[in-house]
Amino acid sequence: MKTLMLKADQTDQAAKIIKNGGLVAIPTETVYGLAADALNGKAVAKIFEAKGRPMDNPLIVHIADVSQVDRLVSEFPPKAQKLARTFWPGPLTIILPKSEIIPDEVSAGLDTVAIRLPLHKTARELIAKSSPLAAPSANLSGSPSPTNARHVAQDMNGRIDAIIEGGECEVGVESTVITLATDPPRLLRPGGITVEQLREVIGEVEIDDAVLHPLAKGQKAASPGMKYKHYSPKANVILLRGNSGLFADYINARRTENAVVLCYTEDLGFLKLPCIPMGKSNDYAQHAHKLFASLRIADDGGFATVYAHCPGTKGEELAVYNRIIRAAGFEVVDLEK
Ligand code: AMP
Ligand code: MG
């Protein structure tokens with residue numbers, strides 16, 4: 001299959017492909033999505049094939065206006081409406097009991113559906129011209145999510161109908177996922193909207209075990225995506241916890257290795273291995289923005305090992321922690337010891 005490259009103003013052409021049951025990669029403010037008509041089960045099935053995604057991992061349905069929610073769900077409770085009013089359009093996905101028009105391919109057999117209203121203008125324009133779009137990240141299953149059209153082409157060229165070129169994704173990590181199908185509501189995946197922000201609006205929000213910890217053998221995942229090895233570059237990722245002096249000592253003792261360091265701006269000049277700067281140590285939004293692109297740079301450079309600071313687990317840091325701890329197989333080297 002030849003994959004068309006479309007400009008951001010070619011949403012008419014993209015809408016035609018979607019209506020004909022095809023696949024189009026689209027820019028959003030989180031990461032690039034691989035979109036199909038969410039109400040066409042056959043089209044949605046092609047997403048799983050193109051990505052090599054396990055069929056039991058459900059997809060997020062993207063809408064262009066809050067008025068589209070009612071058709072997709074059997075219930076839109078007040079707390080969900082409050083979240084939608086506060087954080088949409090934006091990087092928040094809300095899980096609700098689904099209506100019967102949601103194909104099984106979208107919800108992977110669950111009785112719930114995940115819904116998001118993205119901020120990105122091109123994404124919303126395309127949805128308005130076609131249909132609600134089922135769209136996971138536009139990478140091959142298991143590799144880092146794409147944050148520009150070039151990353152998408154690396155993984156998807158020849159496998160999908162078209163890619164819309166829409167520049168760099170602003171947030172850089174996937175949306176925050178919260179389920180309102182449980183009481184209290186539960187955070188299933190951290191992202192650009194923090195759990196602290198969610199609690200300010202609706203009160204109690206639990207954090208699902210799988211956000212911070214590996215699933216125990218046989219434990220069922222509330223969010224099926226969490227059980228798969230995700231966000232992994234080919235390189236071995238090693239996380240280091242400790243102050244900048246200890247970090248530099250550890251790195252510099254390994255200066256002959258085929259390794260690269262995801263470092264803070266403040267580390268630059270002190271490290272004797274190649275570095276990929278992630279922004280200032282306290283610029284958490286920038287760390288998220290650069291994370292996946294940096295892991296791809298590491299792989300493109302053929303490095304065997306990636307060393308990185310271990311992020312904290314509060315506020316904005318949780319989103320990066322959740323991704324990078326998986327890439328590191330949940331292991332952290334404690335430099336204080
Ligand atoms: P992705 O599409 O790759 O950004 O991943 C979407 C994430 O949302 C995955 O972790 C899914 O398992 C999760 N998800 C989507 N729909 C549901 C649902 N109905 N219930 C629980 N988790 C869901
Ligand atoms: Mg994904």
Side-chain angles (χ1 to χ4, degrees), residues 23 25-36 38 44 46-48 50-63 69 72-75 80 91-99 101-116 118 120 123 132-147 151-152 155-156 169 171-182 185-193 206-211 215 219-233 288 291-292 295-296 319 322-323 326-327:
L23 301 186
I26 60 169
T28 83
E29 72 277 19
T30 57
V31 301
Y32 273 70
L34 180 55
V44 172
K46 293 185 197 166
I47 294 178
F48 289 87
K51 279 181 61 89
R53 183 176 173 107
M55 288 300 290
D56 69 347
N57 192 3
L59 306 179
I60 296 169
V61 177
H62 295 72
I63 56 175
V69 174
L72 305 174
V73 303
S74 62
E75 207 187 323
L92 179 68
T93 295
I94 304 176
I95 295 178
L96 293 167
K98 70 171 195 174
S99 75
I101 68 166
I102 301 293
D104 277 342
E105 287 84 354
V106 170
S107 50
L110 300 175
D111 49 14
T112 50
V113 61
I115 302 180
R116 181 165 100 84
H120 202 287
L133 298 178
S137 49
N139 52 289
L140 287 173
S141 207
S143 71
S145 297
T147 55
H151 297 161
V152 178
D155 281 17
M156 290 297 158
C169 300
V171 179
V173 293
E174 306 87 343
S175 59
T176 300
V177 178
I178 184 173
T179 179
L180 293 192
T182 61
R186 195 183 307 156
L187 178 81
L188 299 184
R189 178 173 76 186
I193 308 290
E206 286 179 348
I207 298 182
D208 193 75
D209 251 6
V211 169
L215 285 169
Q219 190 183 352
K220 197 165 172 282
S223 180
M226 286 293 176
K227 73 178 180 228
Y228 295 106
K229 187 169 163 111
H230 247 163
Y231 318 118
S232 270
L291 178 67
F292 290 136
L295 294 178
R296 280 184 186 256
N322 172 265
R323 273 77 178 175
R326 283 176 168 69

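When a ligand or atom number is given, it counts from 1 through the structure's own listing order.
Listed by number with element, the atoms of ligand 1 under 4.0 Å from a non-hydrogen atom of A222 are 21 (C). Set against the non-hydrogen atoms of L110, the atoms of ligand 1 under 4.0 Å away are 18 (C), 19 (N), 20 (N).
For the pair I26 and H62, the minimum side-chain heavy-atom distance is 4.5 Å or more. Put simply, the side chain of L72 reaches to within 4.5 Å of the side chain of I63, judged on heavy atoms. No side-chain heavy atom of E174 sits under 4.5 Å from any side-chain heavy atom of P136. Contact annotation: the side chain of L34 never approaches that of R53 to less than 4.5 Å [non-hydrogen atoms, C-beta and beyond]. Side-chain contact between K98 and V106: absent, with no pair of heavy atoms (C-beta onward) separated by less than 4.5 Å.
For the residues A181, A114, P136, A134, the heavy atom positioned nearest atom 2 (O) of ligand 1 is part of P136.
Put simply, S137 gets within reach of the Mg ion (ligand 2), with an N, O or S atom under 2.8 Å from it.
Residue contacts with ligand 1 leave out S107, since none of its heavy atoms falls under 4.0 Å from the ligand. Put simply, no part of S175 is less than 4.0 Å from ligand 1, judged by heavy atoms. Heavy atoms of K98 come nearer than 4.0 angstrom to ligand 1 in no pair at all.
Residue-level proximity to ligand 1 for R53 is carried by the side chain, the only part with a heavy atom below 4.0 angstrom. Residue-level proximity to ligand 1 for T179 is absent, since no heavy atom of it falls below 4.0 angstrom.
Contacts of L110 classified as side-chain contact (heavy atoms from CB on, under 4.5 Å), with partners at least two apart in sequence or in another chain: P58, T112, P224.
To the nearest 0.5 Å, the span separating OG on S137 from CD1 on I60 amounts to 8.5 Å.
At least one N or O atom of T112, backbone or side chain, sits closer than 3.5 Å to an N or O atom of ligand 1. The shortest N/O to N/O separation between R189 and ligand 1 falls below 3.5 Å.
Checking S175 against T30 by side-chain atom types alone, no donor-acceptor pair falls below 3.5 Å.
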